[in-house]
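Before any comments, here is the structure.
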Amino acid sequence: MAVVEAVLVGAGNRGRFTYGGFAREHPDRLRLVALAEPDDERRATVAAEHGLGPERVFRDFRELLARPALAPVAIIATGDTLHVAPALAALERGYHVLLEKPIAPEAGDCVRVVEAAERAGRMLQIGHVLRYAPFYTRVHALLSSGRIGRVLTVDMKENVAFWHLTHSYVRGKFRNRTLAAPIVLAKTCHDLDLLCWFVGAPAARVSSFGRLSHFRSEDAPKGAPARCTDGCPVQEGCPHDAVRFYVGPDERIARAWPWTDVSSDPSREARRRALERGPYGACVYRCDNDVPDHQVLAIEFEGGATATFTMNGLGSHEKRTIRVTGTEGELRGVFQDGLLELSRHGSLGVERFEHRGSPFDHFGGDPGLLAHFTDVVARGRPDEVRASGRVSLESHLLGFAAEASRESGRTIEMAAQRREARAAAGLAG
Ligand SMILES: NC(=O)c1ccc[n+]([C@@H]2O[C@H](COP(=O)([O-])OP(=O)(O)OC[C@H]3O[C@@H](n4cnc5c(N)ncnc54)[C@H](O)[C@@H]3O)[C@@H](O)[C@H]2O)c1
């Protein structure tokens, strides 16, 4: 397979470690030939990691994308609110685009990006890495094989560990609607994408409930100051103490996420200084967060299949579970444990499938997506892009509809949601 060249927009956590990491580990598949990143330290580090000279290194995506295309692919790994402008500019320049999820925090913008890719005749791959994790690939293959008959109902749960919720959705980058998409997209658009893929029919309507129940000032322990570093009286017994969580681990551990979000310098002194000033040292009960810490969805699909989905933000462990019930059997599994079980009605036997993997690459999802995408680009097969913009748009619109339902208390019809999103993008019908 020919090596695929790409430019990188945003050399943060995903850009540097996931995309940059794949290029370094698989130089026969992916080569980064230019990058844009405003942070001086990140820009210099990632440029050095990929041997890029100053003429290939830019401070801003606009400088990079103002030039004629430097490669066939642009990888866009900027934050949630900065996807649309670089995606549209890259498509206009003729790049195929690998765009991180969510496409955009507003439904109309998602439609604009997808339509632009189709008008430009370029591939648009969305970062739905779980579709490429062997565990979920197997779920899809088993369902497609008809082994459990016609799918009647799916139950999926995402238990987000409490430290992950506080890191990203209470203190961190995704903590409110001005910084990021609603959590049903920012975190669980992967799960909605999988649900739609497994059911294989468009969603017809959705109802959703959920709220921010715990991480509010009303729940703050008596006397807790604004920062964990300011002498909190309950610091010792608090499960959310930033000092223990962020400064406790040694430097080797602190070179990985989530510590890299706090400080690119892994030393304990640097991490402590970051807590004294930055968002990750804030008391979890005194942040400017508005993200629900629990949310449920009930979905009906065209053809009658139903699904339930629960996001629980105060789990003790990270766990995604799935149960699919069909007319002839049932499939059950736990993603992080890598275990799937299939039973057929009327048979005592249970078939078991195991997929071991590492949490650091989404249990094979990250390299799986990149191996697949570089392969379809190298072979020029846009029809084989599994999580294309058009496909992903459906699950994004389901997420926006769920958020509208959560906020309004109404059931949202997907036909109306699709119409409204097209209208918001300035398109008719
Ligand atoms: N697919 C997945 O499973 C997955 C997992 C985590 C995050 N994400 C998504 O990936 C995206 C990036 O997340 P992250 O954690 O890497 O964020 P990050 O903040 O670590 O990285 C974003 C980078 O973009 C840079 N940037 C800002 N303005 C820029 C500009 N004008 N031009 C070029 N670069 C610019 C920032 O300086 C930063 O380094 C987000 O949308 C996030 O939701 C996806």
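Just so you know, ligand 1 is whichever comes first in the structure, and atom 1 is the first atom listed for that ligand. Note that the structure is a prediction, hence the values are computed from the model and not measured. All heavy atoms count here, side chains included; hydrogens, waters and symmetry mates do not.
- Of all protein heavy atoms, the one lying nearest to atom 20 (O) of ligand 1 is N13 N, 2.9 Å.
- Distances between N or O atoms of D60 and those of ligand 1 include at least one value under 3.5 Å.
- Between D261 and ligand 1, no pair of N/O atoms sits closer than 3.5 Å.
- With hydrogens left out, the protein atom closest to atom 25 (C) of ligand 1 is E37 OE1, 3.3 Å, a heavy atom.
- Ligand 1 lies less than 4.0 angstrom from a heavy atom belonging to H83.
- The distance between the ring centers of F335 and F363 falls below 6.0 angstrom.
- Nearest protein heavy-atom neighbour of atom 22 (C) of ligand 1: A77 O, 3.4 Å.
- Counting the atoms of ligand 1 from 1 in the order shown, those under 4.0 Å from a heavy atom of L82 are 28 (N), 29 (C), 30 (C), 31 (N).
- Nearest to atom 6 (C) of ligand 1 by heavy atom, out of R14, R16, R42, R43, is R14.
- In terms of polar-atom proximity, R59 is not counted as a contact of ligand 1, lacking any N or O under 3.5 Å from an N or O of the ligand.
- Classification of R227 and E276 as a salt-bridged pair fails, no side-chain N sitting under 4.0 Å from a carboxylate O.
- Every atom of ligand 1 with a heavy atom of F174 under 4.0 Å away is listed here by number and element: 42 (C), 43 (O).
- For the residue pair T137 and W197, the shortest heavy atom distance occurs at CA-CH2, 4.3 Å.
- Ranked by closest heavy atom to atom 34 (N) of ligand 1, the top entry among A104, A85, P38 is P38.
- When only interatomic distances are considered, the shortest N/O to N/O separation between V9 and ligand 1 does not fall below 3.5 Å.
- At the top of the distance list for atom 18 (P) of ligand 1, counting protein heavy atoms only, stands K173 NZ, 3.5 Å.
- Between E37 and R59, none of the side-chain N atoms (NZ, or NE/NH1/NH2) sits under 4.0 Å from a carboxylate O, so this pair counts as no salt bridge.
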Please tabulate, one pair per line, all N/O donor-acceptor pairs under 3.5 Å involving side-chain atoms of residues 105-114, not counting sequence neighbours.
residue : atom : partner : partner atom : Å
E106    : OE2  : R177    : NH2          : 3.4
D109    : OD1  : R112    : NH1          : 2.7

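- The closest protein non-hydrogen atom to atom 33 (C) of ligand 1 is A36 O, 3.4 Å.
- A salt bridge links D375 to R379: at least one charged side-chain nitrogen sits closer than 4.0 Å to a carboxylate oxygen.
- Listed by number with element, the atoms of ligand 1 under 4.0 Å from a non-hydrogen atom of V129 are 3 (O).
- The pair R244-D241 meets the salt-bridge criterion, since a charged nitrogen lies less than 4.0 angstrom from a carboxylate oxygen.
- For atom 43 (O) of ligand 1, the closest heavy atom belonging to the protein is D80 OD1, 2.7 Å.
- Here the two rings, on W163 and H317, have centers that are 6.0 Å apart or farther.
- With sequence neighbours excluded, no residue forms a salt bridge (charged side-chain N to carboxylate O under 4.0 Å, His left out) with E420.
- Protein heavy atom at the shortest distance from atom 44 (C) of ligand 1 is E100 OE1, 3.0 Å.
- When E41, K101, H128, H190 are ranked by how near their heavy atoms come to atom 9 (C) of ligand 1, first place goes to K101.
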